[in-house]
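The structure under discussion appears below in the form of structure tokens.
Everything numeric in this text was worked out from a predicted model, so none of it was measured. All values below come from the heavy atoms of this structure, side chains included, with hydrogens, waters and symmetry mates left out. Throughout, a chain's letter reflects where its sequence line sits, starting with A, and its residues are numbered from 1.
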2 protein chains.
Amino acid sequence: MTGTARRYHHGDLRAALISTGYDLLAEHGLAAFSVARVARELEISTASPYRHFPDRDHLLAAVATRAAEELAAEVERAVDAAGPDPVDRFAATGGAYVRFAAVRGAGFNVIFAAELRGLHDEALSAAGRGLMDRLLDLARAAVGGDTERSLWLLEQQVALAHGYVALLADGFFVRPHQTVDHLARQATEAGRTLARGLA
Amino acid sequence: MTGTARRYHHGDLRAALISTGYDLLAEHGLAAFSVARVARELEISTASPYRHFPDRDHLLAAVATRAAEELAAEVERAVDAAGPDPVDRFAATGGAYVRFAAVRGAGFNVIFAAELRGLHDEALSAAGRGLMDRLLDLARAAVGGDTERSLWLLEQQVALAHGYVALLADGFFVRPHQTVDHLARQATEAGRTLARGLA
DNA sequence: GTCTATAAATAGATAGAC
DNA sequence: GTCTATCTATTTATAGAC
């Protein structure tokens, strides 16, 4: 991908900017994300993106929105594959987070970044809210319906999943046998422990 | 602190650079961290820091080392205060992480940042290793001595603690009643659940 | 060991031509 | 809607005076 000419904005530069920004984030991290670099990657002028986004942060928010939507899709896939047991279904979301982050890197962090909160971007807020609502549903089913316990469990699980993602991103705890699948299983297992602890 | 003139490098600019960088990180985040800005804050020239650190990353590593040492001290305080039960002592480390991160902000993330791993800074590596060794000891005591289970628990607990710190940093899940103390208690409680799950 | 001065990148953003 | 050209700000890092 990197270094390859793309120039594929056949009438839809906006979409190309998001797509390229998304890949850039995954491959080189947030520090490397800039309007200038996205433009360079697409072989367009640095001025062109500003016809589609008012500033850097709004482009980043659009990228984050796409990341949130794809994370939600990954969660859905994992839940479907987990079978009928509510605790299994809930626990599977942790594994989905880990797998998503392994592929998309910093694209994950940007979804909930405080840096973008102040923008009050409606699409991004909605995507994040949708994901949390879904997780809360799954938590509620896992603990048997109690709302207070559901919220506790949701909070613990989100923390746990974010934590595994952080360890993965920092290259922490990477002993030879710790592949992504291993980490995803560990996250799933820990989520199961938490769910049982509150059920 | 911010905006106040300091110029307190009475013969020890190196220490002043670390101290100011540490505060800068806590107050304005990693994105705001730069050699130039630390120098500006101290009212010295931008060239002076390079007499004490070869480049930006080595200064940042020194700051991270200090953060790691202070986190370790916070953990020790929490463990001491937790009483004699091994599960309580282990669980208390999660609360210590949260309280430390609440005060030091991005100073926390930098301790384990992949960005600095490549430097192979001996002091930073040693500080991180010391902390993990201590947590592993506590985990081992909590599960009753088994090494394999201790490693699992350590991994789960570090993930959990990092996750709560991430939620705190992103201003996530901050409903009115969720003070730092509340979050620290939640992290402690979740750690207890994990320890019991593996004990 | 600290300073002034400066070089070389890079980024964000805008004006105005086409 | 895209380009060229440009401005401003910022950073990392070095050279050389004191």
Between protein and nucleotides 12-15 of chain C, what N or O pairs are separated by less than 3.5 Å?
residue: C/dG12; atom: OP2; partner: A/Val35; partner atom: N; Å: 3.1
residue: C/dG12; atom: OP2; partner: A/Ala36; partner atom: N; Å: 3.3
residue: C/dA13; atom: OP2; partner: A/Tyr50; partner atom: OH; Å: 3.4
residue: C/dA13; atom: OP2; partner: A/Arg56; partner atom: N; Å: 3.1

Inset, instruction - Using the test salt bridge (charged side-chain N to carboxylate O under 4.0 Å, His left out), find all partners of A/Asp57 that sit at least two apart in sequence or belong to another chain. - result: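 Once residues adjacent in sequence are excluded, A/Asp57 has no partner under the salt bridge (charged side-chain N to carboxylate O under 4.0 Å, His left out) criterion.
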Inset, instruction - Could you work out which one of C/dC3, D/dC3, D/dG1 sits closest to the side chain of B/Ser45? - result: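 Nearest to the side-chain atoms of B/Ser45, counting from C-beta on, is C/dC3.
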Inset, instruction - Report the C-alpha distance between B/Glu74 and B/Val103 in whole Å, list the side-chain angles of each, state the deciding distance to 0.1 Å, and finish with yes or no for side chain to side chain contact (heavy atoms under 4.5 Å, CB included). - result: CA-CA 11 Å; B/Glu74 183 72 39; B/Val103 176; over 6 Å; no
Legend entry - Under 3.5 Å side-chain donor-acceptor pair for A/Thr147 and A/Ser150: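 The criterion, which ignores hydrogens and geometry beyond distance, is not satisfied for A/Ser150 and A/Thr147.
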Legend entry - Residues in side-chain hydrogen bond (donor to acceptor under 3.5 Å, both in side chains) contact with B/Arg99, at least two apart in sequence or another chain: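 Counting only residues at least two positions away or on another chain, B/Arg99 forms no side-chain hydrogen bond (donor to acceptor under 3.5 Å, both in side chains).
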Legend entry - Cationic N near anionic O, under 4.0 Å, B/Asp85 to B/Arg192: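 No, no charged N to carboxylate O under 4.0 Å.
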Inset, instruction - Mind grabbing the angle between the end helix axes of the helix from C/dG1-D/dC18 to C/dC18-D/dG1? Five pairs an end, 10° rounding. - result: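 Its terminal axes enclose an angle near 10°.
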Inset, instruction - Starting from the C-alpha separation in whole Å, work towards a yes-or-no answer on side chain to side chain donor-acceptor pair (under 3.5 Å) for A/Tyr164 and B/Gln156. - result: CA-CA 8 Å; A/Tyr164 269 100; B/Gln156 292 182 350; 4.7 Å; no
Inset, instruction - Just grab all the ring pair (Phe, Tyr, Trp, His ring centres under 6.0 Å) pairs involving residues 41-84 of chain A, residues at least two apart or on different chains. - result: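 For residues 41-84 of chain A: none.
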Legend entry - Within residues 59-99 of chain A or reaching into it, pairs that qualify as ring pair (Phe, Tyr, Trp, His ring centres under 6.0 Å) - sequence neighbours excluded: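 Found A/Tyr97-A/Phe108, A/Tyr97-A/His162.
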Inset, instruction - Have a look at A/Arg40 and say if it touches a base, only the backbone sugar-phosphate, or nothing, with a 4.0 Å heavy-atom cut-off. - result: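 Touches sugar-phosphate only.
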